[in-house]
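Residue numbering restarts at 1 for every chain, and letters A, B, ... go by the order of the sequence lines. Quick note: numbers below take in every heavy atom, side chains included, and nothing from hydrogens, waters or symmetry partners.
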Amino acid sequence: MRYLVTAALPYANGPLHIGHLAGAYLPADIFARYLRLRGEEVLFICGSDEHGVAITLRAWQERTTPQAIIDKYHPLLEESLRRLGISLDYYGRTTDPLHHDLSQRFFLRLLEKGWLEKRKVEQFWDPQASTFLPDRYIVGTCPHCGYEEAYGDQCEKCGALLSPADLIHPRSRLTGTPPEKRLSEQFYLRLDALQPLVEAYVSRCHWKPNVGPVIQNWLRAGLAPRAITRDLDWGIPVPLPDMAGKVLYVWFEAPLGYISITQRWAASRGAPHRWADFWLNPDTRIIHFIGKDNIVFHTLLFPAILIAADEGYTLPAAVPANEFLNLEGQKISTSRRWTIDIHEYLRAAPHRLDELRFVLTALMPQTRDRDFTWEEFASRINNELVATITNLIHRILTLLWRYGGEATVIPEGKLLHTRAESARTIGARLEAYDFSGALEAILHLAQLANKGLTESAPWHLPPEKAVGVVASYADLLAAMGTLLEPFMPLHVAPKLREQLGVDLLNWRRLEDPTPLLSSIKLKAAPQPLVPKLSPDELRSMQTQLLPTAPASASPSVAYISIEEFQKVQLQVVTIRSAERIPKSDKLLKITIEAADGTHTVVSGIAQHYEPEALIGQQAIWVANLAPRTLRGVSSEGMLLFAEGEGGKLIRVAPETPVPPGSPVQ
RNA sequence: GGCGAGAUAGCUCAGUAGGUAAGAGCGCAGGAUUCAUAAUCCUGAGGUCGCGGGUUCGAUUCCCGCUCUCGCCA
């Protein structure tokens, strides 16, 4: 079978982050590597998406040209992917003349076939920047709540959904000047007319459960004609004499990049016609790996364009879209700098790349959004990758080394069957695009091996017997050298094969319960494949990679009015006595002196303060909190403590002592 | 506002074409072990499967409503 595997074309106006990696590039790479290991013919391509209004706007913001923007990011994107081991056969770009040519021919072909129509539309124009503005690049006063920084599509303050025309005093986010309305004529793709053909295609395919409903949703609502041209000076010119100043819409031409990049790959190999093996051949399976934001474009718009051209193009066989990866509970956001960028990770932890691949595969957002936390990053590496997988490898290799490093391998049948079954399971899960499930199966295999080793306990056997037992596990290690390759091809898998002295094997062989090798000879004392991630190393990575705190950036602060705040009566009090409450390990009974005499307060601070240390100290007291009985003691109000690192409580008090009962304002 | 997705053990997630054992990994507790990067193995505790209704002999699983999160569209 011949496969064309693609990963979403990254937009050349910013760096890649771990969410992109987990969403599209990593699964695509694992899949492509797996197919190659099975001996399939695979072409794996990607490239920079270099057109579109966001690049123009970015150029304006940075006071430079679109060309300068893409020339900065195109190499950065390619290097990021390559260094993470994304095994692309070709990384292209949509400013390639081949791509321009192809896109223009597609446009003309669709025009000729009657699938395009002209329409007049009103758009907003920034006269100073000489560019049309997308809705969200227009700000103004919200007509509902009066918020002055509402966006043209939505008011962040009151949540109202707006269109730019609703805004009072609209202005351009780029220049601050009021935008002008301009009428212009654009070409629309008749998706409405193409819908029956698209539906026929969609119904022939099998979609992932997170993809199918999205498609059905669109089809049920009915596809609408979609503008495929724009008034911009950056992009692929509309190839018609009377259309100066108009370019093709980026979502019209970017997917065609999959074709043009294949053409460029073929040309680079000196066989220009070979692109047709993939794109004009129904026996080729085309598989697009993307994030969920691209589902519609890949499952409906792109197939619609290919169908409309009516020239026998191969349609996508599968679009295994992933959901999004969050970071420490919040959306990844480049503009808020809440992100782990790949090029920065490469700089901060160049020797921890397979580890990143491992964790992102385990956390892959295959059916729903997932959350990346540094804590989990460390725990997955230390407890799963190192403790279970690479420790098993090291365990077996050191045993072998101890018994001479050389042996005949006669694996027992049970071990061979376990290995073969695992290889089949892992393969089946990869073919179902269940990458984290495949990784789980590897962990499971390692657990079975650890268990078997513990049970047979060769270290208790006389050496001449022990060698044979340990050597039988060499078959498993030889298999691991290949099984791990799709997931961790940069260091772990090749290093294992090197220590073992075996090559990559064909995956199909792993699925057979026949021995993979007859003898084993280690050349050197084994070294651990992956060092554990120490708390220090983790902290250092965190500080390098997450320079800004995100919490304050959250727009959803629940404001209260001054009147509401004044309802809370705060006083400085002096603590007169403090004692533990019996049968409670957290509560202290505290007597305080306030403006109107003494009161009793119960505080859950026994694990942070010795009672004696509090006596005579001052604190802040919430005087009008409704009384409550805790462990039989009536608590009148509450003392304030700051929550420090690790949940440690620290008393809040005036800087210098004041008379008890002094108000806090 | 319309549409869609999600809400399951402390954490990250599977799962159930409706039915007496609700699962994994991590974490935690106890035990075993010491070949291995204090790694491994065994045992165990932990869940009114988001909230409220309904259908049913029976619902975490179906239907309706609600809340929260996310996405798409306008």
Q: What does K292(A) touch in the nucleic acid at a heavy-atom separation under 4.0 angstrom: a base, only the sugar-phosphate, or nothing?
A: sugar-phosphate
Q: Sort out the partner of A7(B) for me: Watson-Crick or G-U wobble, both distances under 3.5 Å, none otherwise.
A: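 Looking at the geometry, A7(B) pairs with U67(B).
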Q: Rounding to a whole Å, what distance do you find between N382(A):CG and G27(B):P?
A: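 So the two atoms are 10 Å apart, to the nearest Å.
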Q: Could you measure between the two C1' atoms, the one in G19(B) and the one in U56(B), and give it in whole Å?
A: 11 Å
Q: Taking CG from L522(A) and P from A36(B), how many angstroms apart are they, rounded to a whole number?
A: 15 Å
Q: Please state the P separation for the pair G46(B) and C64(B) - nearest whole angstrom.
A: 36 Å
Q: Is D371(A) touching bases, backbone alone, or none of the nucleic acid, heavy atoms closer than 4.0 Å?
A: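 Sugar-phosphate contact only.
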Q: According to the Watson-Crick and G-U wobble definitions, with both distances under 3.5 Å, which nucleotide is paired to C49(B)?
A: none
Q: With rounding to the closest Å, how many angstrom separate the P atoms on C62(B) and U16(B)?
A: 10 Å
Q: Sort out the partner of G30(B) for me: Watson-Crick or G-U wobble, both distances under 3.5 Å, none otherwise.
A: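 The answer is C42(B), by the H-bond criterion.
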Q: If you check the W459(A) side chain, which of C35(B), A14(B), C41(B) turns out closest?
A: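 That would be C35(B).
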Q: How is Q447(A) classified with respect to the nucleic acid when contacts are heavy atoms under 4.0 Å: base, sugar-phosphate, or nothing?
A: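 If one applies the 4.0 Å heavy-atom cut-off, Q447(A) turns out to touch the sugar-phosphate alone, with no base involved.
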Q: Kindly say if R368(A) contacts the phosphate of U69(B), meaning a side-chain N or O under 4.0 Å from OP1 or OP2.
A: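 Result: no.
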Q: Provide the distance between the two P atoms, one in U20(B) and one in G65(B), to the nearest whole Å.
A: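 Between the two P atoms, the distance is 29 Å.
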Q: Is a donor on one side and an acceptor on the other found under 3.5 Å between the side chain of R429(A) and the backbone of G437(A)?
A: yes
Q: Is there a donor-acceptor pair closer than 3.5 Å between any side-chain N or O of Y25(A) and the backbone N or O of A7(A)?
A: no
Q: So what does E384(A) hit on the nucleic acid, given a heavy-atom distance under 4.0 Å: a base, only sugar-phosphate, or nothing?
A: sugar-phosphate
Q: Taking atom C1' in both A38(B) and U61(B), compute the distance separating them and give it to the nearest angstrom.
A: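 44 Å, rounded to whole Å.
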Q: Rounded to the nearest Å, what distance is computed from the CZ atom of residue R370(A) to the P atom of nucleotide A7(B)?
A: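 These atoms are roughly 12 Å apart.
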Q: When the distance from NE2 of H460(A) to P of U33(B) is rounded to whole Å, what number comes out?
A: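 Computing the H460(A):NE2 to U33(B):P distance gives 9 Å.
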Q: Is T367(A) close enough to A14(B) that one of its side-chain N or O atoms is under 4.0 Å from OP1 or OP2 there?
A: yes
Q: Strictly below 4.0 Å: does H394(A) bring a side-chain N or O up to OP1 or OP2 of A36(B)?
A: no
Q: Record whether the side chain of R395(A) comes under 3.5 Å of the base of C35(B) through a donor-acceptor pair of N or O atoms.
A: yes
Q: Using the C1' atom as the point on both nucleotides, what is the distance between G50(B) and A17(B), in whole Å?
A: 24 Å
Q: K292(A) and D369(A): salt bridge (charged side-chain N to carboxylate O under 4.0 Å, His left out), yes or no, with the steps?
A: CA-CA 10 Å; K292(A) 67 174 163 182; D369(A) 290 358; 2.9 Å; yes
Q: If we take the C1' atom in both C41(B) and C35(B), what is their distance in whole Å?
A: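 After rounding to an integer number of Å, I get 13 Å for this pair.
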Q: Please determine whether any donor N or O and acceptor N or O are separated by less than 3.5 Å between the side chain of T390(A) and the base of U37(B).
A: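 It does, because a donor-acceptor pair links the side chain of T390(A) to the base of U37(B) below 3.5 Å.
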Q: Anti or syn, where syn is a glycosidic angle within 90° of 0; which label fits G46(B)?
A: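 That one's syn.
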Q: In the strands shown, is C62(B) matched to any nucleotide by a Watson-Crick or G-U wobble pair with both distances under 3.5 Å, and which?
A: G54(B)
Q: What contact category does N391(A) fall into here, base, sugar-phosphate, or nothing, at under 4.0 angstrom with non-hydrogen atoms?
A: base
Q: Do the ring centers of F302(A) and F297(A) come within less than 6.0 Å of each other?
A: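 No - the distance between ring centres of F302(A) and F297(A) does not fall below the 6.0 Å cut-off.
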Q: Provide, to the nearest angstrom, the distance between the CG atom belonging to N450(A) and the C1' atom belonging to A36(B).
A: 9 Å
Q: Nearest nucleotide by nearest heavy atom, which residue falls closer to the 5' end of RNA chain B, A446(A) or Q366(A)?
A: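 It is Q366(A) whose nearest nucleotide is closer to the 5' end.
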Q: Please walk me through it: do R352(A) and E537(A) pass salt bridge (charged side-chain N to carboxylate O under 4.0 Å, His left out)?
A: CA-CA 11 Å; R352(A) 290 294 195 182; E537(A) 186 183 355; 2.9 Å; yes
Q: Consider only side-chain N and O atoms of H51(A) and Y11(A), and report whether a donor and an acceptor are under 3.5 Å apart.
A: no
Q: Assign V530(A) to base, sugar-phosphate, or nothing according to its heavy-atom contacts below 4.0 angstrom with the strands shown.
A: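 Counting heavy atoms under 4.0 Å across all strands, the contact made by V530(A) includes a base.
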Q: Remember a base hit wins even if backbone is also touched, and classify V214(A) as base, sugar-phosphate or nothing at under 4.0 Å, heavy atoms.
A: nothing
Q: Indicate yes or no: does R380(A) engage E355(A) in a salt bridge with an N to O separation below 4.0 Å.
A: no
Q: Rounded to the nearest 0.5 Å, what separates atom OG1 in T373(A) from atom CG in L327(A)?
A: 9.0 Å
Q: Can you tell me the distance, in whole Å, between the CH2 atom of W218(A) and the P atom of C72(B)?
A: 11 Å
Q: Select base, sugar-phosphate, or nothing to describe what I393(A) touches, counting heavy atoms under 4.0 Å on all strands.
A: nothing
Q: Among the candidates C35(B), U37(B), G71(B), find the nucleotide nearest to the side-chain atoms of F324(A).
A: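 Of the options given, the side chain of F324(A) lies nearest G71(B).
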Q: Let's see if you can work this out: which of G71(B), C26(B), C41(B) has an atom nearest to the side-chain heavy atoms of K451(A)?
A: C41(B)
Q: Taking the C1' atom in each of A59(B) and G52(B), what is the distance between them to the nearest angstrom?
A: 15 Å
Q: Find the distance N383(A):CG to C11(B):C1' and express it as a whole number of Å.
A: 12 Å
Q: M364(A) has an atom CE; how far is it from atom C1' of A14(B), in whole Å?
A: 17 Å
Q: When you match R380(A) and V386(A) each to their closest nucleotide on RNA chain B, which lands nearer the 5' end?
A: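 Result of the comparison: R380(A).
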